[in-house]
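Order of appearance sets the numbers: ligands from 1, and atoms from 1 within every ligand.
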Amino acid sequence: AVVLSFAGLVGRVAGRDPTADPMGRSLRQRIDDVIADRDFQLLLQPIAALASGTVTGAEALCRFRPTPYRSPDRWFADAHGVGLGRALERSVVAKAMEVLPDLPRALTLSINVSLDMLASDDLPALIDGPFSDRVVFELTDHAGVQNPSTLRDRIKRLRQLGARVAVDDLSASYASLSTVLQIKPDIIKIDRTLVRSIHLDPASQALAAGLVHFAQAIGATVVAEGIEHAQEARCLRDLGVSHGQGFLLGRPGSLTALQTRTYLT
Ligand code: C2E
Ligand code: MG
Ligand code: MG
Ligand code: MG
């Protein structure tokens, strides 16, 4: 680690881009290439009804070439940092719309989008067509809604096409609660930090029950994410959470993997 950080320091002193890859390409160039070549994969993770195990939808999760490894949320944050965020997100949505016709007919497809993207005017044209009513947009960041009325307008147009909006990673953070109040989403996704070991923690159970109650009041569906253990799934179901997602129910995988397991036991 000492050697690595020393090399990083030398690189910086010598004026080299510390984010450059072994070929010396800057992060911006790499993101540009990723967009131009559509050089990423979409994995699909099942979302299932907790009572029956029936898969009702899938979430598209982006994978980039791991050289060196960066998690998808870092890729998107970096892309936004160099002004390429929306372009990258547009190509993700376009690719997801190409996957959608091959999904089993009853399934929805959840696509992650930033607040910047959801508030832009780009999405309706990207999803317009026979499959728009199977799209769910998951709002992944809670940077704080600057202009709630514009955002509500954009969401209204998406809903006219039959699409739905989810607020992702809802936890105890005030930012996500205020977002939920402002946009009244169709779906609330309870974050893994609240799901982890929920069966052992009465305070987490109370908070989840409160979110279920809140969701009922605004007519939203609740999806719990990051479910890894059967006890967590049972506890969430008993608290009134209708849907779940996580390694227990299925890992992010290929379209074929999803097609062959529309039902879980
Ligand atoms: P997210 O939307 O909250 O996605 C859920 C993350 O939890 C995914 O990580 C998924 O692989 C992981 N996960 C699912 N089940 C489990 C589980 O049981 N246990 C654990 N420990 N993890 C689980 P991933 O794929 O690394 O994505 C991380 C984040 O990157 C996403 O969080 C999302 O915010 C962002 N992201 C991914 N794809 C896209 C995309 O296409 N567009 C945008 N804007 N953001 C994306
Ligand atoms: Mg998500
Ligand atoms: Mg999430
Ligand atoms: Mg997340």
Side-chain angles (χ1 to χ4, degrees), residues 31 34-35 38-48 50 55 57-66 69-81 84-100 108-120 122-123 126-127 135-143 164-171 173 175-176 179-180 185-198 211 221-233 236 241 243-254 257-258 264:
I31 295 170
V34 162
I35 296 168
R38 289 246 202 129
D39 192 11
F40 56 85
Q41 247 193 311
L42 291 180
L43 296 186
L44 299 168
Q45 185 177 31
I47 297 171
L50 286 177
V55 176
E59 177 175 3
L61 293 161
C62 225
R63 292 292 178 271
F64 300 93
R65 277 180 201 282
Y69 181 78
R70 314 173 88 77
S71 69
D73 31 13
R74 268 196 70 194
W75 269 98
F76 286 96
D78 289 341
H80 280 280
L84 291 171
R86 242 194 248 173
L88 182 59
E89 294 202 51
R90 270 197 301 270
S91 58
V92 169
V93 176
K95 198 164 189 164
M97 292 311 289
E98 289 168 12
V99 173
L100 192 37
T108 58
L109 182 62
S110 297
I111 308 170
N112 292 284
V113 289
S114 66
L115 184 58
D116 178 54
M117 186 70 180
L118 190 63
S120 80
D122 296 350
L123 291 177
L126 283 167
I127 65 163
V135 172
V136 175
F137 286 115
E138 295 192 1
L139 178 58
T140 57
D141 66 341
H142 308 288
R164 276 158 278 181
V165 174
V167 169
D168 209 347
D169 303 333
L170 197 73
S171 61
S173 93
S176 57
T179 303
V180 147
D186 306 280
I187 296 157
I188 284 174
K189 295 193 78 172
I190 299 185
D191 191 57
R192 176 170 137 69
T193 52
L194 191 55
V195 166
R196 196 185 300 137
S197 306
I198 190 166
L211 290 176
T221 303
V222 179
V223 180
E225 51 179 24
I227 302 175
E228 295 183 358
H229 304 289
Q231 301 97 304
E232 295 164 350
L236 288 157
V241 175
H243 290 77
Q245 184 180 355
F247 295 166
L248 177 75
L249 303 160
R251 288 182 178 260
S254 66
L258 186 77
L264 301 161

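- Of all the atoms in ligand 1, the ones that sit under 4.0 Å from a non-hydrogen atom of V92 are 41 (O).
- Of all the heavy atoms in G226 and E232, the pair that sits closest is O-OE1, 4.1 Å.
- Considering all non-hydrogen atoms of both residues, A60 and L44 come closest at CA-CD2, 4.1 Å.
- Compare L61, L118, D191, L42 by their heavy atoms: the one nearest to atom 31 (C) of ligand 1 is in L61.
- Residue Q45 has at least one heavy-atom neighbour below 4.0 Å for each of these atoms of ligand 1: 14 (C), 15 (N).
- Annotation for ligand 1: atoms under 4.0 Å from non-hydrogen atoms of P252 are 11 (O).
- At least one N/O/S atom of N112, whether from backbone or side chain, sits less than 2.8 Å from the Mg ion (ligand 2).
- Considering each of N112, D169, D141, the one bringing a non-hydrogen atom nearest atom 43 (C) of ligand 1 is N112.
- Below 4.0 Å from some heavy atom of E225 lie the following atoms of ligand 1, by number and element: 3 (O).
- The aromatic rings of F40 and F64 sit tilted, their planes meeting at an angle between 30° and 60°.
- Of the heavy atoms in E59, only side-chain atoms (C-beta onward) come closer than 4.0 Å to ligand 1.
- More than 12 heavy atoms of other residues, nucleotides or ligands shown are found within 6.0 angstrom of CZ on R63.
- For D168, the N, O or S atom with the smallest separation from the Mg ion (ligand 3) is OD1.
- At least one heavy atom of R63 sits closer than 4.0 Å to an atom of ligand 1.
- Here atom 46 (C) of ligand 1 lies nearest to F76 when heavy atoms of F247, F137, F76 are compared.
- Taking every non-hydrogen atom of E89 and a distance limit under 4.0 Å, the qualifying atoms of ligand 1 come out as 44 (N).
- Listed here is the closest heavy atom pair of L249 and L50: CD1-CD2, 4.4 Å.
- Nearest N/O/S atom of E138 with respect to the Mg ion (ligand 2) is recorded as OE1.
- Between the OE2 atom of E225 and the OD1 atom of D169, the angle centred on the Mg ion (ligand 3) amounts to 70° when rounded to 10°.
- With sequence neighbours left out, R74 forms a salt bridge (Lys or Arg N to Asp or Glu O under 4.0 Å) with no residue at all.
- Atoms of ligand 1 lying under 4.0 Å from at least one heavy atom of T140, given by number and element, are 34 (O).
- Within E59, the N, O or S atom at minimum distance from the Mg ion (ligand 2) carries the name OE2.
- Every salt bridge (Lys or Arg N to Asp or Glu O under 4.0 Å) that E138 has, sequence neighbours left out, goes to K189.
- The side chain to side chain contact (heavy atoms under 4.5 Å, CB included) test with L170 is passed by exactly one of V180, V223, D191, V222: V180.
- Counting all heavy atoms, side chain and backbone alike, D122 lies closest to R86 at OD2-CD, 3.4 Å.
- Counting only heavy atoms from C-beta outward, the side chains of L61 and N112 approach each other to under 4.5 Å.
- For ligand 1 and D168, the ligand atoms under 4.0 Å from any heavy atom of the residue are 1 (P), 2 (O), 3 (O).
- For D168 against E59, the heavy-atom pair with the smallest separation is OD2-OE2, 4.3 Å.
- Inclusion of D191 in the first shell of the Mg ion (ligand 3) is not supported: no N, O or S atom falls under 2.8 Å.
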